[in-house]
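The structure appears right after this line, and notes come after that.
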Amino acid sequence: MDVEEILKKGRSYPENFFYGDVSKIGKIYELPEGLFLLVRTSTENELLWGTNTIDDLKRGLETVEKDGTDFIFRYAGNFNDVMEKKDIISRWGYRVKCVHVGYYLYMENRRFQTKNMHFIEELKEKDIEEFLDLERTIFDSFNVTKNELTKWINSDESIVLVNKINGKLKGFIVINIYGAGKKSCLIRNIGVAESERRKGIGRELLLKGLQRAKEKGVKTAMLWVEIENTAARRLYERTGFVLDQNEAEAVFLGRQISSF
């Protein structure tokens, strides 16, 4: 099967998580319980999966684990379903790495004004390596790659803004525009160096990013945030974002990792 066939088959199962970067396929498992695909992301192995039942997921995970490979896997759905499945999967012996919840914002009739207190500009190609270094000090998973950044800064369908202090990158926001008519956007990542937090940099990056997206015709913005990141959630809610009860995901560590 080619990649598109794998994705189509994986997503055909009633229970599945077959999303993300599949450019680096490690191994395909076609099992009686379903389809499992081990892929390599920029920082770790992730197991994508599709099964008929949640019990089939348990049995499939046990089979894949016999290869001894470390991996993470995810379960996504509406908020209540994810919270229920999180408890079930935890009882199987898998540790929850984090839970993400979705937020959305309708941008029409909204103005995103800032005080322009911080120096913010578009990311330049010469600063990509510095960007990657900063991002990895802030986030330990789901990191962007050099190829992705190079593509995004040269695309009208992406917005990558950075904050600089004394010539050094201290914050960033990455926005990808998508959907019919390019009317929606995903705030893929927003981060500020630990030494510069609580100074309004994150808020200004967010507002300027949203304003740029609106100028491109975007009507709706969406983002994911860790459920325990209360500071970020307050920022988004003050900006007008609303919790989306239909969007949540739990990230689990495979038992090879959890045992350490």
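Heads up: numbering here begins at 1 and tracks the sequence.
Proximity of a side-chain donor or acceptor of S155 to a complementary backbone N or O of W152 within less than 3.5 Å is not detected. Counting only distance, with no hydrogens or angles, the side chain of S158 and the backbone of N154 share no donor-acceptor pair below 3.5 Å. With hydrogens and angles ignored, the 3.5 Å screen pairs a side-chain donor or acceptor of H118 with a backbone N or O of K199. Remark: the backbone N or O of L161 is not paired with any side-chain donor or acceptor of K208 at under 3.5 angstrom. A donor-acceptor contact shorter than 3.5 Å links the side chain of E135 to the backbone of V144. The closest donor-acceptor contact from the side chain of E196 to the backbone of A193 lies at 3.5 Å or more, if one exists at all. In this structure, N45 contributes its side chain and D70 its backbone to a donor-acceptor pair below 3.5 Å. With hydrogens and angles disregarded, a donor-acceptor distance shorter than 3.5 Å links the side chain of R197 to the backbone of V192. In terms of modelled atom types and a separation under 3.5 Å, the side chain of W49 and the main chain of R74 share a donor-acceptor contact. Checking side-chain atoms of D244 against main-chain N and O of G102 turns up no donor-acceptor pair under 3.5 Å.
Tracing side-chain contacts under 4.5 Å through hydrophobic residues (I, L, V, M, F, W, Y), one never reaches F17 starting from M222; they form parts of separate clusters. There is no path of hydrophobic side-chain contacts, each under 4.5 Å, that joins Y178 to L223. Clustering ILVMFWY residues whenever any of their side-chain heavy atoms sit less than 4.5 angstrom apart, transitively, puts F79 in the very cluster that holds Y236. Following chains of ILVMFWY side-chain contacts shorter than 4.5 Å, one can reach Y29 starting from V3, so the two form part of one hydrophobic cluster. The cluster map of Ile, Leu, Val, Met, Phe, Trp and Tyr, joined by side-chain heavy atoms under 4.5 Å apart, puts L57 and I28 in the same cluster.
In summary, the aromatic rings of F172 and F131 are positioned with their centroids under 6.0 Å apart. Ring-centre distance between F18 and Y13: not below the 6.0 Å cut-off.
Around atom CG of D156, no more than 12 heavy atoms belonging to other residues, nucleotides or ligands sit under 6.0 Å away. Remark: E228 CD is loosely packed, at most 12 non-hydrogen atoms of other residues, nucleotides or ligands lying under 6.0 Å away. The environment of E194 atom CD is sparse: at most 12 non-hydrogen atoms of other residues, nucleotides or ligands sit within 6.0 angstrom. With a 6.0 Å radius and a threshold of 12 heavy atoms from other residues, nucleotides or ligands, R203 has its CZ atom at or below the threshold.
Between atom CZ of residue R136 and atom CG of residue N143 there is a gap of 4.5 Å, rounded to the nearest 0.5 Å. Once rounded to the nearest 0.5 Å, the distance linking CD1 of I72 with CZ of F252 reads 11.0 Å. Rounded to the nearest 0.5 Å, atoms SG (C185) and CG (L210) are 6.5 Å apart. Atom CD1 of I227 is separated from atom SG of C98 by 11.0 Å, given to the nearest 0.5 angstrom. Interatomic distance, S90 OG to K85 NZ, rounded to the nearest 0.5 Å: 13.0 Å. Annotation: the span from I88 atom CD1 to Y94 atom OH amounts to 14.0 Å, rounded to 0.5 Å.
Checked for salt-bridge contact, E62 and K66 miss the test: no charged N lies under 4.0 Å from a carboxylate O. At a threshold of 4.0 Å, the pair E130-K168 does not count as salt-bridged, since none of the basic side-chain nitrogens sits closer than that to a carboxylate oxygen. Salt bridge annotation for E44-K97: present, with a cationic side-chain nitrogen under 4.0 angstrom from a carboxylate oxygen. Using a 4.0 Å cut-off between charged nitrogen and carboxylate oxygen, K146 and E129 count as a salt-bridge pair. Using a 4.0 Å cut-off between a side-chain N of Lys or Arg and a carboxylate O of Asp or Glu, K58 and D55 do not qualify as a salt bridge.
Judged purely by distance below 3.5 Å, without hydrogens or angles, the side chains of E237 and Y103 pair a donor atom with an acceptor atom. No hydrogens or angles considered: nothing links the side chains of E157 and N176 as a donor-acceptor pair under 3.5 Å. Counted by atom type alone, T53 and D56 present one or more donor-acceptor pairs between their side chains at under 3.5 Å. Between the side chains of Y75 and E15, at least one donor N or O sits under 3.5 Å from an acceptor N or O.
The shortest distance between side-chain heavy atoms of V101 and L243 falls below 4.5 Å. Side-chain contact between F139 and L134 is absent, with no heavy-atom pair separated by less than 4.5 Å. L7 has its side chain out of reach of Y19: every pair of non-hydrogen atoms, C-beta onward, lies at least 4.5 Å apart. When side chains are defined from C-beta on, N163 does not count as touching I173, because their heavy atoms never get closer than 4.5 Å. For the pair L186/I175, no side-chain contact is recorded, criterion being any heavy-atom separation below 4.5 Å from C-beta on. Put simply, the side chain of I190 does not reach to within 4.5 Å of the side chain of V174, judged on heavy atoms. Counting only heavy atoms from C-beta outward, the side chains of T51 and N16 never approach each other to under 4.5 Å. A heavy-atom distance below 4.5 Å is found between the side chains of E204 and I120.
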(message) Applying side chain to side chain contact (heavy atoms under 4.5 Å, CB included) to L37 and V39, what does each step give before you reach the verdict?
(response) CA-CA 6 Å; L37 179 66; V39 299; 3.8 Å; yes
(request) Please step through side chain to side chain contact (heavy atoms under 4.5 Å, CB included) for the pair E125 and D127, ending with a clear verdict. (result) CA-CA 5 Å; E125 194 158 358; D127 294 324; over 6 Å; no
(request) Could you walk me through whether E226 and V99 pass the side chain to side chain contact (heavy atoms under 4.5 Å, CB included) test, one step at a time? (result) CA-CA 6 Å; E226 284 194 28; V99 174; over 6 Å; no
(message) Determine whether V242 and L105 satisfy the following criterion, side chain to side chain contact (heavy atoms under 4.5 Å, CB included), listing intermediate values before the conclusion.
(response) CA-CA 6 Å; V242 177; L105 171 69; over 6 Å; no
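The shortest non-hydrogen separation linking S195 to K170 is OG-NZ, 4.5 Å. Nearest approach of M107 to A221, heavy atoms of both residues: SD-CB, 3.8 Å. Taking each heavy atom of N52 and P14 in turn, the nearest pair found is OD1-CD, 3.5 Å. Closest non-hydrogen pair, V225 versus A232, comes out as CG2-CB, 3.9 Å.
Using the six-membered ring where Trp is involved, F71 and F73 have ring planes that are tilted, between 30° and 60° apart.
Evaluated for a side chain to side chain contact (heavy atoms under 4.5 Å, CB included) with I128, the options V160, T150, N147 yield exactly one hit, T150.
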